There are 2 protein chains.
Amino acid sequence: MSSEDVAQARERVIESMEQSAEVYGLSRSAGRIYGVLYFAEEPLSIPTLVEATGYAKSTVSNVTRKLSRLGLIHRRSSDGGGRRVRFEAEREVWFIIQDVFQQYIDREIQASLRTLQRAEGQLPAEGRSHEAERIQDLRDTYEDLQEIVALTSGLSVSELREALEAYE
Amino acid sequence: MSSEDVAQARERVIESMEQSAEVYGLSRSAGRIYGVLYFAEEPLSIPTLVEATGYAKSTVSNVTRKLSRLGLIHRRSSDGGGRRVRFEAEREVWFIIQDVFQQYIDREIQASLRTLQRAEGQLPAEGRSHEAERIQDLRDTYEDLQEIVALTSGLSVSELREALEAYE
DNA sequence: TCGTTTGTTCGAGATGAACCGAACAAAGTG
DNA sequence: CACTTTGTTCGGTTCATCTCGAACAAACGA
């Protein structure tokens, strides 16, 4: 039966997404729910997801909210006129990665930069201690990183690849 | 006292590293131990780190091993002739990020690609199901990602910034 | 050789996250 | 107005991780 093959292939990919979710700091349930939505042909409601994944209703509710906030899935409310909330996967994986970068890494970079600048302001100006040099090294790198994130945030995956290949 | 200011600034930066460590999937102790080593003027032994951080010897032992494996710090054994193991921080933060990419993200990409290729091989050739298209979309993106990681792995942070700024 | 220092490994306690089931609120349907 | 369906929130359980202290192994020094 080829439909069984299709189902098995689909299941394997979803299992791989469960694994990937852990690497990206998400739960396994988040990976599975995203996977089911990724292959779905239409937006799915929470009861449908409960049946498709086997997770409890509360788990699906919490995970879908988290995934929505991160931009991995989208709420399609007031679709068929019902009050049912339906979810659709963002299938452009590159967008997801960019968003995660924006929301995790960039926030982290900015918080670190703030701390570093405050620390530098506290240091005596003349002494030029080796701590001051170390802190300035950190700040330089983080500013480069911030700039790189900003530069890549507007590029598609093929544009980024092109930019890197052109530089040789 | 300006030396107190220096110590306080150093402490703030180390606290920021504790925070960052959590974002990168490491423990707070890992952030602090790396921070102490980052500001140290010479490689430090485990007892010294115990005194400087307040963590137990076993914790320092486990964390230094993990940080060494990840490439964030380096073992400097047989340095002064003694059998003391001494650790030195890798201060090029960009190297660290590249290593993390190499060891975490790239491995993850390759594992996913393997799964996707196996899943594609299992699908019936004629049917051209919508699952097949979805899986192929995923594979295309992951191959682009793999290529991007490969292209950036040899570049310094300023080269990467230059490459992106040149593409406009 | 015996004691000391250094580093690793083991088991235990504490902390936090994931997940579940139940209770609850809101809105549609008879 | 009941009744059902949907979605959120809350408390509890389970499980992994962090950290500690103690026991142990290896090597150095007196």
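Here is how names work: the chains are called A, B, and so on, in the same order as the sequence lines, proteins then strands, and each is numbered from 1. None of these values were measured; they are calculated from a predicted model.
Comparing D:dT8, D:dA22, D:dC18 by their closest approach to the side chain of B:K66 singles out D:dC18. The side chain of B:S61 sits closest to C:dT8 out of D:dG7, C:dT8, D:dT19. Checking C:dC20, D:dG21, D:dT6 against every side-chain atom of B:A56, the shortest atom distance belongs to D:dG21. Between D:dT8, D:dC20, C:dG7, one nucleotide has an atom nearer to the side chain of A:R75 than all others, and that is D:dT8. Out of C:dC19, C:dT8, D:dG7, the shortest distance to the side chain of A:P47 is found at D:dG7. For B:S58, counting side-chain heavy atoms from C-beta on, the closest listed nucleotide (C:dG7, C:dC19, C:dT9) is C:dT9. Distance from the side chain of B:N62 is smallest to C:dT9 among D:dT9, C:dT9, C:dC19.
Listed pair A:S29 / C:dC19 meets the phosphate criterion, a side-chain N or O lying under 4.0 Å from OP1 or OP2. Regarding contacts with the backbone of D:dT19, every side-chain N or O of B:R28 stays at 4.0 angstrom or more from both OP1 and OP2. Of the side-chain N and O atoms in B:R84, none sit less than 4.0 angstrom from OP1 or OP2 of D:dA27.
Regarding A:L67, its CG atom lies at a distance of 16 Å from the P atom of D:dG7, rounded to whole Å. One can place CG of B:L26 at 9 Å from P of D:dC18, the figure rounded to the nearest angstrom. Summarising the geometry, the separation between CZ on B:R65 and P on D:dT17 is reported as 15 Å, rounded to the nearest angstrom. Between A:K57 atom NZ and D:dT4 atom C1' there is a gap of 12 Å when expressed in whole angstrom units. Residue B:I46 contributes atom CD1, which lies 14 Å from atom C1' of D:dA25 at whole-angstrom precision. Straight-line distance from the CZ atom of A:R32 to the P atom of C:dA18: 17 Å, rounded to whole Å.
Each of A:T59 and B:V60 lies near DNA chain D, and the nucleotide nearest A:T59 is the one positioned closer to the 5' end.
A donor-acceptor pair shorter than 3.5 Å cannot be found between the side chains of A:E162 and A:S158. Side-chain polar atoms of A:T152 and A:Q98 form no donor-acceptor pair below 3.5 angstrom.
With hydrogens and angles disregarded, a donor-acceptor distance shorter than 3.5 Å links the side chain of B:S68 to the backbone of B:T64. Of the possible polar contacts, none joining the B:S16 side chain to the B:R12 backbone as a donor-acceptor pair under 3.5 Å is found. Looking at B:E90, its side chain does come within 3.5 Å of a backbone N or O of B:E92 through a donor-acceptor pair. Checked by atom type and distance alone, the side chain of B:R134 pairs as donor or acceptor with a backbone atom of A:A40 at under 3.5 Å.
Remark: A:E88 engages A:R76 in a salt bridge, criterion side-chain N to carboxylate O under 4.0 Å. By the 4.0 Å N-to-carboxylate-O rule, A:E11 lies close enough to A:R32 to be salt-bridged with it.
Note on B:S27: only backbone sugar-phosphate atoms sit closer than 4.0 angstrom, heavy atoms only; bases stay farther off.
Annotation: proximity of residues 12-24 of chain A to DNA chain C (heavy atom, distance under 4.0 Å) is found for no residue.
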